Amino acid sequence: MNWPDQEKSDEVPPFLDNLNPPQMQAVLHTDGPVMIIAGAGSGKTRVLTFRIANIVHKGVDPFNILALTFTNKAAKEMRNRIEKLVGGNARNLWMGTFHSVFARILRQEAERIGYPSNFTIYDSDDSKSLIKTILKEMNIDDKMYKPNLVLGRISMAKNNLITAKDYFQNEELINQDKASNRGKFADIYLAYTTRCFKAGAMDFDDILVNTHMIFKHHVDILNKWQHKFKYILVDEYQDTNHVQYMITKKLAAVTQNICVVGDDAQSIYAFRGANIQNILNFERDYPDVSTYKLEQNYRSTQIIVNAASSVIKNNKKQLEKKVWTANEEGDKIKVTRNASENDEGKRVAEYIFQDKQNEHLPNKAFAILYRTNAQSRAMEEALRRQGIDYRIYGGTSFYQRKEVKDLLSYLRFVINPNDEEALKRIINYPARGIGDTSLNRLIYLSGQQNMGLWEVIKNIRSFPEIGNGGPKIENFGMMIQSFIGLTDTTNAFDLATHVAKQTGLMRTLFEDKSVEGISRYENITELLNGIQEFVEDDESEKDKTLANFLEEVALYTDDQKDKDPDRDCISLMTIHASKGLEFPIVHLIGMEENLFPSQMALMNRQELEEERRLFYVAVTRAERKLYLSFATSRFKYGSLIPCEPSRFIDEIDSKYLDMSLASMKSKAVYQRNSDEEQFVSANKPTSNKSIFTTPKVAAPLPPEDPNFVAGDISQLKVGDMVQHQRFGRGVVAEIEGEGQNQKAKVNFDNIGTKVLVLKFAKMRIL
DNA sequence: TACTAAGCTCTTTTT
DNA sequence: GAGCTTAGTA
């Protein structure tokens, strides 16, 4: 749609006709601080897009509008929708995730704080690897200081704008560390930031922290951007953390034209520092704020909306809001109990097959949601068997695969030779005879000479103490130099192809004819194709440099490369990834205590509340039909553990539930798996209100017996009597499969029949 | 130095 | 079961 050249107008533009009154108000009120509290399914994205379109309609240059989202998916979706309303002009909007927008700003401004403009972005793997290196160098035990834990704490500090220096002076934090016997955190933090800085690298948090630092210390720069962004919109405001909050506050300080949209009930990112207080306090920060509440749900049936509310109402911390719907009542939520993960998969696949037939629905209408990425496997298998096409969102992203990261590391290193994490990946891959010994000498020299690793490599001839590895290192250095020489004259695709071939990476993978090898080779080809597309895509106005490609890749973690976005397939994803999406029919699997809610969340009430909000998000993705399922047992670390249904099922008012396949009848199923009894019977249910007969807390598993060793019972025969370390005595009834997959069905005296994978079974023949 | 086998540890979600 | 680290061997 093109806008006529008309005066700024306060009249309602015609394209807004089909908005409902509260939505309309939120769209028309463009100036001054605005908060929109938008319940699930209330047309939030619609309001945001129309609002932006309306601002553009009023004559504001899209170049002066900043719209921040949390995921790339959300940004892309919104851009498309706005483009439909305002045309190609929408491309000039500053719209993207916090990280991508601020990385873009940092490319222009980072030099003011001593970073090169071609800084590298470290992903979590790089950060973790750097932490490990530091721990090793500082001789710190990585059992006590687990890299993930250290990283989490550093991230927490950064998100709260506590620098390493501040950390040393923060008594509360220091005391906490001392109390937990981890007094060296501050030193590690300092070492980490120093190393990142020297490597010209920023991790995800640094992108925000450094933006904030520049805005804070360089008024001229802040001023520039404050005046550039005349209108600021923040989506999912409930998920902003402190530093994001501070940045947006600073940017909006001049014009006060800030609009935040959110739903406190859908705040699910506290684990990465999101502060629900930001939305709760918005009214305090901007006293003349206008607040609009969108409470009508247009998406889901009454049953789904009410069921969601009945769970979320158990949370104490909430904004007042009443979500309702005028939609039909709809079907009850079907809850199913399954013996195992695989049975669960089979059942879900069957239901999907039936619903497809009965209601003539395409695959696209279905989603399977789960708490953890690992749960997708059983579903995949079942769907493949049923012949239903599916697509997994998230999980191990394409760009996190080893071979892809290897090539990207070469490219990263060429752009920024201070990037030591990249160097570590590539210096001896493909193997070129620079082993641990040589690398350690290099690191030693680097420290001794106070030079970067790359400096040492370039001047390796002046260090004869390097030993036999010298010439090999020299060759490596020259090869990289030759790549660097090409960066100015060669486009990203040609350079990447050249690198892939010259380094021998292509050849190494090509020669590997195993199934994985072939797929790895294909992935490299795919990556190169991706770079080519990036180069040839003339829609994007960004420069086609390799550096820009690398940035896009580093921050674009949520979407798999998919050649055919219109493919008709079922969506499989985590609940987190599903935020903002909707599907006619949703299957929510793995509704088991300790899985969802996660075991780790059961420690304190706040985290449990977040899990509850997560459940709320999951349920409200469904438009018409919702299925909940759980398994009574599940394999974990190679052994079968009993599971209990999630407390969240219990919290739903039972009048919304169809429990025919879950509760009373399933008692029979339940008892058939008699091994469960052993673990469950220790705790009787405390509440007779519960719709389940199972208790909420599983008894601990019996301790392991160190005298038992896994495997090595290849001579096992049917009829043998065995002793299992946990399950006791039994007789082998059947042996199936071969080699690594060999399994034995054993009738145990006390707990009934079990199928054990011999490779992992800890038992011996009596 | 490079490759293989055995051993140990892991529990979440994302930019 | 998987991914990673260490120990052992060529």
Side-chain angles (χ1 to χ4, degrees), chain A residues 68-75 96-103 121-125 127-129 132 136 142-143 146-148 152 155 158-159 202-208 236 239-241 243-244 267-274 341 369-375 377-378 393-397 399-400 402 428-439 467-469 472 551 553-559 573-579 590 594-602 607 610-611 613-615 617-618 634-641 709-712 740-741 757 759-760:
Chain A
L68 296 167
T69 63
F70 268 79
T71 61
N72 295 296
K73 218 189 298 167
T97 61
F98 277 88
H99 291 85
S100 69
V101 166
F102 295 137
I121 297 172
Y122 275 177
D123 69 12
S124 344
D125 288 344
S127 304
K128 204 158 126 188
S129 142
K132 281 187 192 160
K136 217 178 263 170
D142 67 352
K143 298 252 156 49
K146 293 194 176 151
N148 278 331
S155 176
K158 284 187 180 171
N159 285 326
M202 299 194 194
D203 66 15
F204 288 133
D205 300 318
D206 287 332
I207 293 175
L208 305 173
E236 309 280 10
D239 284 328
T240 47
N241 58 34
V243 53
Q244 290 166 325
S267 165
I268 55 177
Y269 284 105
F271 71 89
R272 74 173 202 216
E341 237 177 330
L369 306 181
Y370 35 79
R371 178 68 235 267
T372 68
N373 282 305
Q375 289 170 260
R377 276 227 339 225
Y393 292 81
T396 314
S397 130
Y399 297 111
Q400 282 171 311
K402 182 190 173 306
N428 197 31
Y429 182 81
R432 52 174 71 90
I434 309 175
D436 289 345
T437 319
S438 298
L439 185 58
N468 296 337
K472 293 167 187 163
E551 173 175 323
V553 164
L555 297 175
Y556 203 82
T557 49
D558 70 338
D559 208 23
M573 64 185 90
T574 62
I575 302 167
H576 283 90
S578 76
K579 189 142 89 152
N594 293 330
L595 181 59
F596 188 29
S598 149
Q599 195 174 5
M600 320 194 73
L602 294 175
E607 287 186 43
E610 174 147 320
E611 296 283 306
R613 294 192 293 268
L614 198 53
F615 182 72
V617 169
R634 180 175 289 277
F635 263 100
K636 217 172 186 187
Y637 300 136
S639 61
L640 195 67
I641 56 155
V709 186
D712 197 27
Q740 296 284 296
N741 296 319
V757 181
K759 192 168 59 162
F760 298 103

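Here is how names work: the chains are called A, B, and so on, in the same order as the sequence lines, proteins then strands, and each is numbered from 1. Predicted model, so just to flag it, every value in this text is computed and none were measured.
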Would you say the side chain of A:F70 lies within less than 4.5 Å of the side chain of A:T97, judging by non-hydrogen atoms?
no
Taking the side chain of A:T97 as heavy atoms from C-beta outward, which of B:dT15, B:dT12, B:dA2 is closest to it?
B:dT15
How long is the line joining CG of A:L369 and C1' of B:dT13, in whole Å?
13 Å
Check: A:R371 side chain, B:dT12 base, donor-acceptor under 3.5 Å:
yes
Could you tell me how the ring of A:F596 sits relative to the ring of A:F615: parallel (under 30°), tilted (30 to 60°) or perpendicular (over 60°)?
tilted
A:K128 NZ to B:dT14 P, in whole Å, measures 14 Å
Of the nucleotides C:dT5, B:dT14, B:dT9, which one has an atom closest to the side chain of A:N373?
B:dT14
If you look at every strand shown and take non-hydrogen atoms under 4.0 Å, does A:F98 touch a base, only sugar-phosphate, or nothing?
nothing
Checking salt bridge (Lys or Arg N to Asp or Glu O under 4.0 Å) against A:E341, which of A:R377, A:R634, A:K636 comes through?
A:R634
Let me know which of A:D203, A:N241, A:D205 forms a side-chain hydrogen bond (donor to acceptor under 3.5 Å, both in side chains) with A:K158.
A:D203
Counting only side-chain N and O atoms of A:T574, is one of them less than 4.0 Å from OP1 or OP2 of B:dT14?
yes
Within the 4.0 Å heavy-atom criterion, would you say A:K579 contacts the bases, only the backbone, or no part of the nucleic acid?
nothing
How many Å lie between CD on A:Q599 and P on B:dC10, as a whole number?
14 Å
Of the nucleotides B:dT13, B:dT11, C:dG1, which has the atom closest to the A:N148 side chain?
B:dT11
Answer yes or no as to whether B:dT13 has its base stacked against A:F271, where stacking requires a ring-centre separation under 5.5 angstrom and planes under 30 degrees apart.
yes
Is the closest side-chain heavy-atom distance between A:N428 and A:L439 below 4.5 Å?
no
Distance, rounded to the nearest Å, where A:Y393 contributes OH and B:dT13 contributes P:
19 Å
Output yes when at least one side-chain N/O atom of A:R432 is less than 4.0 Å from OP1 or OP2 of B:dT1, else no.
no
Candidate nucleotides B:dT14, B:dA2, B:dT12, ranked by approach to the side chain of A:S598 - the nearest
B:dT12
Check the distance between B:dT11's P and A:L640's CG and give it to me in whole angstrom.
21 Å
What is the nucleic acid contact for A:K146, judged by heavy atoms within less than 4.0 Å: base, sugar-phosphate only, or nothing?
sugar-phosphate
Give a yes/no on whether any side-chain N or O of A:K402 is located under 4.0 angstrom from OP1 or OP2 of C:dG3.
no
Whole angstrom is fine here: how far is it from CG in A:D436 over to C1' in B:dC3?
13 Å
With the side chain counted from C-beta on, respond yes when A:L208 and A:H99 share a heavy-atom pair under 4.5 Å apart, and no when they do not.
yes
Give a yes/no on whether any side-chain N or O of A:S438 is located under 4.0 angstrom from OP1 or OP2 of B:dT1.
yes
Between A:G469 and A:R272, which has a closest nucleotide on DNA chain B that is more 5'?
A:G469
Note: for A:K636 and A:N428 on DNA chain B, the residue whose nearest nucleotide lies more 5' is A:N428
Looking at A:K143, I'd like to know whether one of its side-chain N or O atoms comes within less than 4.0 Å of OP1 or OP2 on B:dC8.
no
Considering only heavy side-chain atoms of A:R377, the closest of B:dT15, C:dA2, B:dA2 is C:dA2
Nearest whole Å is fine: how far is B:dT9 P from A:K132 NZ?
14 Å
Report which part of the nucleic acid A:F70 touches: base, sugar-phosphate, or nothing (heavy-atom distance under 4.0 Å, all strands).
sugar-phosphate
Does the side chain of A:L68 come within less than 4.5 Å of A:F102's, by heavy atoms?
yes
Counting only side-chain heavy atoms from C-beta out, which of B:dT12, B:dC10, B:dT15 sits nearest to A:S124?
B:dT15
Between P of B:dT14 and NE2 of A:H99, the distance in whole Å:
14 Å
